[in-house]
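Let me begin by presenting the structure, written as structure tokens, before commenting on it.
No experiment lies behind these values; they were computed from the predicted model shown. Reminder, nothing fancy here: chain letters follow the sequence lines and each chain counts from 1.
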Amino acid sequence: MRAYSKDHEWIGVEGGVGTVGITDYAQAQLGDIVFCETEPPGTVLSAGETAGAVESVKAASDIFSPVSGEILEINDAPAEDPSLLNSAPDQTWLFKIRLSNPAELDALMDENDYADYCRG
Amino acid sequence: MRTPLYGQHAALGAKMTDFNGWEMPLQYEGIIAEHLAVRERCGIFDVSHMGEIAVSGGGAFDFLQILLTHDMRRLEKARWVYSPMCNPDGGTVDDVIVYRQGDGYLVCVNAGNTEKDFAWMKLNAPGGVNIVNLSEHFAQIAVQGPGAAEILGKVDTSEALLSAKTGYTGEKGCEIYLAPEDAPKLWDDLLRAGAVPCGLGARDTLRTEAALPLYGHELSKDISPLEAGLERFICFDKGDFIGRDELFVQSHDPNRRRLIGLTMRGRSIPRPGYAVLCDGVPCGVVTSGCPAPKLGVGIALALVTKEAQTYEVIIRGKNEQAGRTELPFYKRDGAL
């Protein structure tokens, strides 16, 4: 089960580790994504802190961590080929983070709530 | 505000954006696809938001010579002439294209500057010169790319009020002015003939690759056309014009700011407003920056206070290396 942030990140959690990416809605809003950068493993973040950036042709956008914790691993694939974030946003994770406060997940949206949120 | 082609953009599913109060298409299929379509085939742009101001009367020519920095005598042979328009202090009011039109002239101005330019022209016009803002009576479609002539050969352009081989992409092509009610048919005909609809997103990357200035970025009331590298459009020998004295002083100042081209060495992308370091010292700012779809790297136009051996752009707190690149970044085959 995935949870969704208001900043349009998704997170799937397994064994206390969250896997984070950007949503299909986010990639559609951004357009052609040409750059992706994530903070390195070992970085400790609070929920809502900048975890990296994606850039479309038109503009740069920050990626925010939906939860607090320590980045364990980053995915090189979207840095090598940023267009993966357009073609397969649900499969293209950006980073894995060890949750320091799993209760924060309760503040995120489920799939239905997120769909309503995107419709405004 | 909406252009006469708003319905076309909606029907094509364009992603819309606000541009100086105008609801304009940012992109249709995607900025990269549209950019490459213009470089390789033919794209069309709705530029109906641009302003058109008519200048007529016995003193019209002499007035334009005073108002603009370029030499209007070029219009004896040419259909149109590009020129900056300056303040007395050398800052830029706008950059415009002047067309011969009937017994007078039509001045095409940037959409966001139309009211300001109209007021500036009226303020400076002597008696006997008529200045009329005709913007709402013109739609405008730009047809750009190596395939533009072929596409134009397939459509009926007899309704055009004015057509000239101008553009803002670095490619061959033309801009067609026509009555608002005639614009949708020509747009649809051009699409049927194979032209690709292109939005403001591609227009910006195309003009940045071609190093064409955009008012509010490379030109402003605080940036003179000399600083923006437009000296070839300033004619000191034509007689007096508004801003001449200050521009003449600037032209002899070796320390004046200058616009340079930068190409990023890594993958990062420079954006407008990012700080630039020359030999490690803050020396300027990115005025326009984007990924260059045709070149595959991040490029920037930057206004700097000095030349240097090394350049860096500060991107999200990191100093990213850039190399100086001769402008334009992109030049079509055979272009002068």
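At a heavy-atom cut-off of under 4.5 Å, chain A is reached by B:Arg316, B:Lys318 from residues 310-321 of chain B, listed in order of number. Using non-hydrogen atoms only and a strict 4.5 Å limit, the part of residues 264-282 of chain B facing chain A consists of B:Arg267, B:Ser268, B:Ile269, B:Arg271, B:Tyr274.
For the pairing with A:Tyr4, the ring-ring contact (aromatic ring centres under 6.0 Å, His included) check across A:Tyr25, A:Trp10, A:Tyr114 returns one residue only, A:Tyr114. Among B:Arg41, B:Arg332, B:Arg39, the one residue that satisfies the side chain to side chain donor-acceptor pair (under 3.5 Å) test with B:Glu171 is B:Arg39.
Only the backbone of A:Ser56 comes within less than 4.5 Å of a heavy atom of chain B; no side-chain atom from C-beta onward does.
Here the shortest heavy-atom pairing between B:Ala193 and B:Ile151 reads O-CD1, 3.1 Å. Pairing each heavy atom of B:Glu218 with each of B:Ile223, the nearest pair is O-CG2, 3.2 Å.
Between chain A and the options B:Lys15, B:His35, B:Gln27, the largest number of non-hydrogen pairs under 4.5 Å is found for B:Lys15. Annotation: maximal heavy-atom pairing with chain B below 4.5 Å, among A:Gln29, A:Glu37, A:Glu55, A:Lys58, occurs at A:Glu55.
Between A:Leu85 and A:Leu94 the shortest side-chain heavy-atom distance falls below 4.5 Å.
With hydrogens and angles disregarded, no donor-acceptor distance shorter than 3.5 Å links the side chain of A:Asp32 to the backbone of A:Ser83.
The neighbour count for A:Arg2 CZ, taken as heavy atoms of other residues, nucleotides or ligands under 6.0 Å away, is above 12. A 6.0 Å sphere centred on CD of B:Gln8 holds more than 12 heavy atoms belonging to other residues, nucleotides or ligands. Heavy-atom neighbours of A:Glu111 CD from other residues, nucleotides or ligands within 6.0 Å: at or below the threshold of 12. Annotation: B:Lys172, atom NZ; neighbour count of heavy atoms from other residues, nucleotides and ligands within 6.0 Å does not exceed 12.
For the residue pair B:Asp46/B:Ser48, the side-chain donor-acceptor check at 3.5 Å is satisfied.
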